[in-house]
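Every chain is numbered from 1 and lettered A, B, ... according to where its sequence line falls, protein lines coming before strand lines.
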Amino acid sequence: MAAPNTNLQCDYLNPNFPTVNNDRFFANHPIITMIDRCSNTKHLKTIHAQMLRTGLFSDPYSASKLIQASALSQFSSIQYARKVFDQIPNPNLYSWNALIRAYSSSPQPIHSFLIFIRLTYEGCENPNKFTYPFVIKALAELSDLQVGKGLHGMVVKSGFIWDLFVLNSLIHFYVQCGCLKMAYQVFLSMPKRDVVSWNSMINGFAQRDCADEALDLFREMEGEDVKPNDVTMVGVLSACGKKLDLEFGRWVHSYIEKNGIRMSLTLNNVILDMYTKCGSVVEAKRFFDKMEEKDIISWTTMLAGYARLGDFYAARSLLAAMPCQNIASWNALISAYEQNGNPKEAVAIFNELQLSKKAKPDEVTLVSTLSACAQLGAMDLGGWIHVYIKKEGIRLNCHLITALIDMYSKCGDLEKALEVFHSVDKRDVFVWSAMIAGLAMHGFGRDAIELFLKMQEAKVEPNCVTFTNLLSACSHSGLVEEGRDFFRQMELVYDIVPVVKHYACMVDILGRAGLLEEAMELIKNMPMAPAASVWGALLGACRLHSNVDLAEHAFARLLELEPQNHRAYVLLSNIYAKSGKWDKVSELRKVMRDCGLKKEPGCSSIEVDGIVHEFLVGDNSHPLSKKIYSKLEEIAARLKSVGYVSNKSQLLQLVEEEDTQEQALYLHSERLAIAFGLLTMRPSQPIRIVKNLRVCGDCHSVAKLISKLYNREIILRDRYRFHHFKGGYCSCKDYW
DNA sequence: TTAGGGTTAG
């Protein structure tokens, strides 16, 4: 490169030199033309130095060229660009825009907005059509709806509201903030839409679980004079994946090939993802093998496909075969295990990851593992993760907060759950709903309702999950009138149409309270077909209130939907037993035997020093088995000494929990777990037990007595709720 | 005639 002509310095400093009104006066200056040919930071710094020496840097146009290269080129550095910018005496609008743009896609988009604010105060020109798209993009990154709406207002006032780029950025912004209605409103308001407008809207719908709307929009787009491109197809395929619509997905795949749409790596990955999500792992693998270029996302997508289907062997092999792993690859495996009902394996993979140090756990890893802990009732590990989060300074996002609240609630430590809830200042609908669910499952119905009111004060809109949790709170606490009110308000006040789940909750509330006729009336008037859960709730209520006729009806309907539902048989059999219809009991058992139906074996787990111990009914496989059984005998003797007589009717019934034909009551799994807890845990530690089935009446009475006789707190989670046994009482007030 | 917006895995 030739040395720059330093003589120019004299010209520029010469008072007779023409005044620079034309911004582009130095456009052809040798130093400035060098900027365009510059290919690395070192060279750019040399040019910068020359510009300072020659005084060229004081020329706004020349400075803006330098800003452009430092902020937006391939070798750009936002820190350097900022330094340059801060030295410019009078930056022109181009320089402001370049910096706003660079920050908008940087890790700190907030600076984009801060510079924009400075521009409005200090700039010698007003923001233009190139300014708004980037500052709006920054606000989209920040998901700051309030500020973004303000900018939308500024755009309207400034007259740039009809600029295609500005409108497209607004669509994207509203989508990012989850305001699909506003995004669509902007979309509809556009006099002209280009492919980016359509893409933003289609992808917005696809991302926000409105797959049908996304696909409808794609069909509409086909009727317009805008050709879809690879980005369009990414949105369309992601909608297919969400809808599990394999047939349409295949059609889209061939559409892409027929129309010669550019096959980007992203598009390839999304096709792969669509096949795995729609359950066609064979087509996915075929496609994967044919892909010429694969990145870590391709590998992880394929791995997640196997894992979701439960083919953990194939998933693990793929993890081993990957050219490089990252935390996402491990997350795919952990979350698949966790969501497939294998929480123990999920925890095992998490431990393996920690030992191997092949990747560092991130928020997703921790959320999945916390959820596995919640399922297992593994509070030691859950608490350890909480400490890890604090120690590593990991930012608590709403996902993590929700997972922590859920973990502590389901592990029986409601106080810790509440502590987490109160310690944060940002709570979304999931955080509130998780806390409501926590209070509900521990029997604090009134507190759950109170929290719901606070949620409204905080201006957080409830969703359908919030109402499921609220109704379940009413059900566990026997709050019939409140339940009826919430059920009515859902649609009227909150515009949330009740789904089957809500009806099942409502049947449960009415049924438990003995309002069986009203429950039946509700079922008759349901706008959709009653699902098994609805009949199950009614059947449960019939057991509580010994209504044989209605039970037989509910049983028949339930079996039409789920012929293999063994719990239904057990429930009906118990209803017969309670009414002394022993012939019916044996008849039902014969049917069960003939159909090869076996009841799920009762299983209770207890975590001691970070290790989860599992006990099956009548289990003697535990290394401390002998000690456990002698402890049980000691317990039985102490119970007898205070006049306790076991509930024989529980023995005669085919109890929902265990087959008492084979096992005496004191072999119920929760009793083994309690005995083990008494043996191994410090007296100050509450005994926390997780059971897969509902606790039986006799074990419930025994647990109450043990809590008094041994002065121990026992916290038992069964299939439906929590029981806190303390001083001879249970938190459920025997209403469960 | 110095310039821009939209996309995928967990």
Side-chain angles (χ1 to χ4, degrees), chain A residues 22-24 26-27 32-33 35-36 60-69 71-72 92-98 100-102 104-105 128-137 140 160 163-173 175-176 183 187 193-204 206-207 228-239 241 262 264-274 276-277 294-305 307-308 322 326-336 338-339 359 361-369 399:
Chain A
N22 175 4
D23 238 1
R24 301 192 53 191
F26 291 105
I32 301 308
T33 55
I35 294 178
D36 289 331
Y61 172 80
S62 306
S64 71
K65 285 295 285 184
L66 190 64
I67 284 286
Q68 182 197 23
L72 301 168
N92 63 9
L93 186 56
Y94 188 89
S95 294
W96 287 97
N97 287 350
I100 289 169
R101 178 181 167 194
S104 74
S105 48
N128 67 3
K129 62 174 185 167
F130 294 107
T131 320
Y132 286 108
F134 295 110
V135 68
I136 292 170
K137 184 190 169 150
F160 292 117
D163 182 83
L164 184 63
F165 288 83
V166 173
L167 283 163
N168 286 345
S169 69
L170 278 171
I171 296 178
H172 175 64
F173 163 76
V175 163
Q176 285 298 103
F187 178 81
R193 304 179 191 111
D194 70 353
V195 66
V196 176
S197 330
W198 288 92
N199 290 352
S200 300
M201 205 59 240
I202 290 174
N203 277 302
Q207 275 169 38
N229 63 11
D230 52 326
V231 179
T232 323
M233 302 328 284
V234 167
V236 172
L237 282 164
S238 128
R262 189 180 79 94
S264 63
L265 180 57
T266 301
L267 185 53
N268 272 292
N269 286 342
V270 182
I271 292 172
L272 186 66
D273 186 52
M274 179 276 294
T276 64
K277 285 229 174 85
K294 296 183 185 88
D295 64 359
I296 194 159
I297 294 183
S298 331
W299 284 88
T300 305
T301 305
M302 196 63 236
L303 184 154
R308 271 197 301 266
M322 282 174 80
N326 67 5
I327 189 61
S329 335
W330 287 82
N331 289 345
L333 208 55
I334 293 173
S335 79
E338 178 259 306
Q339 282 168 21
D362 66 0
E363 282 100 337
V364 178
T365 328
L366 301 176
V367 167
S368 298
T369 312
H399 289 273

V234(A) has its side chain closest, among dG4(B), dG10(B), dT8(B), to dT8(B)
*Under 4.0 Å between a side-chain N or O of Q339(A) and OP1 or OP2 of dG10(B)?*
no
Notebook entry, point to check: Donor-acceptor pair under 3.5 Å: do we get one between N269(A)'s side chain and the base of dA9(B)?
Noted result: no
Scan K129(A) against the nucleic acid and name what it touches under 4.0 Å (heavy atoms): base, sugar-phosphate only, or nothing.
base
Residues at least two apart in sequence or cross-chain that pass side chain to side chain donor-acceptor pair (under 3.5 Å) with W330(A), listed by chain then number, are Q325(A)
Worksheet item: How would you label the contact of A332(A) with the nucleic acid (heavy atoms, under 4.0 Å): base, sugar-phosphate, or nothing?
Response: sugar-phosphate
Check: dG4(B) base within 3.5 Å donor-acceptor of D163(A) side chain
yes
Looking across every strand, which nucleic acid part, if any, lies under 4.0 Å from Y132(A) by heavy atom: base, sugar-phosphate, or nothing? nothing
Those residues at least two apart in sequence (or on a different chain) that pass side chain to side chain contact (heavy atoms under 4.5 Å, CB included) with Q176(A) are A140(A), H172(A), Q207(A)
Those residues at least two apart in sequence (or on a different chain) that pass side chain to side chain donor-acceptor pair (under 3.5 Å) with K277(A) are D273(A)
> What is the nucleic acid contact for R193(A), judged by heavy atoms within less than 4.0 Å: base, sugar-phosphate only, or nothing?
Replying inline: nothing
Per atom distances to the N128(A) side chain, the nearest of dG4(B), dT8(B), dA3(B) is dA3(B)
| If you look at every strand shown and take non-hydrogen atoms under 4.0 Å, does S64(A) touch a base, only sugar-phosphate, or nothing? | base
Sorted by number, residues from residues 296-305 of chain A placing a heavy atom under 4.0 Å from DNA chain B are I297(A), T300(A), T301(A)
Of the listed dA9(B), dA3(B), dT8(B), the closest approach to the N326(A) side chain comes from dA9(B)
Across all chains, not counting sequence neighbours, the side chain to side chain donor-acceptor pair (under 3.5 Å) partners of Q68(A) are Y94(A)
Across all chains, not counting sequence neighbours, the salt bridge (charged side-chain N to carboxylate O under 4.0 Å, His left out) partners of D163(A) are none
